Amino acid sequence: MASRTSTPLTHPDVSEMDLFRLMAAMTDPVRLGIVIRLAGSNGDIPCTDFALPVTKSAGTRHFRVLREAGVIHQYDVGVRRMSRLRSDDLEARFPGLLNLILQEAAHSNGGDRQAS
């Protein structure tokens with residue numbers, strides 16, 4: 001199925017993931033909340049299931065930043081855009097980094113940044 005947007009969804013290959021772009025993507029509290037929620041899920045989550053404290057267009061931009069940095073993978077199912085954390089790819093490219101970020105987020109904020 002083709003993307004519902006005029007521009008196809010882009011995802012960098014593991015070898016194209018850039019540490020500084022990835023870290024910049026994860027420093028935003030809204031994006032970190034998305035990552036925390038995806039890390040704690042058992043499956044892919046539709047974007048509409050995130051109760052983000054921003055407008056719909058800003059939420060779309062946050063998901064795009066994460067996708068283009070290689071943090072998440074997105075695909076369309078009908079009118080729903082599904083998201084999943086690229087845990088295995090992140091671990092292959094930057095061993096231990098995702099776990100460290102999640103641990104630090106939990107330690108720094110007691111999990112307060114979690115997106116519902």
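Since the model is a prediction, treat every value here as computed from it, not as a measurement.
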Output side-chain donor-acceptor pairs under 3.5 Å for residues 13-23, partner residues at least two apart or in another chain, one line each.
residue : atom : partner : partner atom : Å
Glu16   : OE1  : Asp13   : N            : 2.9
Asp18   : OD2  : Phe20   : N            : 3.2
Asp18   : OD2  : Arg21   : N            : 2.8

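- At distances below 3.5 Å, not a single donor-acceptor pair connects side-chain atoms of Asp76 with backbone N or O atoms of Gly78.
- Looking at every heavy atom in both residues, Ala25 comes nearest to Arg31 through O-NE, 2.7 Å.
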Check the pair Leu66, Leu38 against side chain to side chain contact (heavy atoms under 4.5 Å, CB included), reporting the backbone distance first and the verdict last.
CA-CA 12 Å; Leu66 289 170; Leu38 288 170; 6.0 Å; no

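- Residue pairs satisfying the side-chain hydrogen bond (donor to acceptor under 3.5 Å, both in side chains) criterion with at least one member in residues 90-102, sequence neighbours excluded, are absent.
- Cation-pi contact between Arg37 and Phe50: present, with separation from the ring centre below 6.0 Å and deviation from the ring axis of at most 45°.
- Here the CZ atom belonging to Arg67 is positioned 5.5 Å from the OG1 atom belonging to Thr10, to the nearest 0.5 angstrom.
- Phe94 and Val65 are assigned to two separate hydrophobic clusters, defined by single-linkage of ILVMFWY side chains at heavy-atom distances under 4.5 Å.
- Looking at heavy atoms from C-beta onward, Glu104 lies out of side-chain contact with Leu102 at the 4.5 angstrom threshold.
- Distance check: Tyr75 OH to Arg84 CZ gives 8.0 Å after rounding to the nearest 0.5 Å.
- Taking 4.5 Å as the limit, every side-chain heavy atom of His73 sits out of range of all side-chain heavy atoms of Asp89.
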Would Val71 and Leu85 count as a side chain to side chain contact (heavy atoms under 4.5 Å, CB included) here? Give the steps. CA-CA 6 Å; Val71 179; Leu85 191 60; 3.8 Å; yes

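- With Cys47 as the fixed residue, the side-chain contact (heavy atoms from CB on, under 4.5 Å) test singles out one of Lys56, Gln74, His62, Met82: Gln74.
- Scanning all heavy atoms of the two residues, the minimum distance from Gly70 to Leu90 falls at O-CD2, 4.0 Å.
- Using modelled atom types, one side-chain atom of Thr27 and one backbone atom of Ala24 make a donor-acceptor pair closer than 3.5 Å.
- A pairwise comparison of heavy atoms in Met26 and Leu98 identifies CE-CD1, 4.1 Å as the closest pair.
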message: What verdict does the side chain to side chain contact (heavy atoms under 4.5 Å, CB included) test give for Ser83 and Ile72, after you've listed the backbone C-alpha separation in whole Å, the side-chain angles of each residue and the deciding distance to 0.1 Å?
response: CA-CA 6 Å; Ser83 298; Ile72 65 172; 4.2 Å; yes

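- By the 4.5 Å heavy-atom criterion applied to side chains, Pro12 and Arg86 are counted as neighbours.
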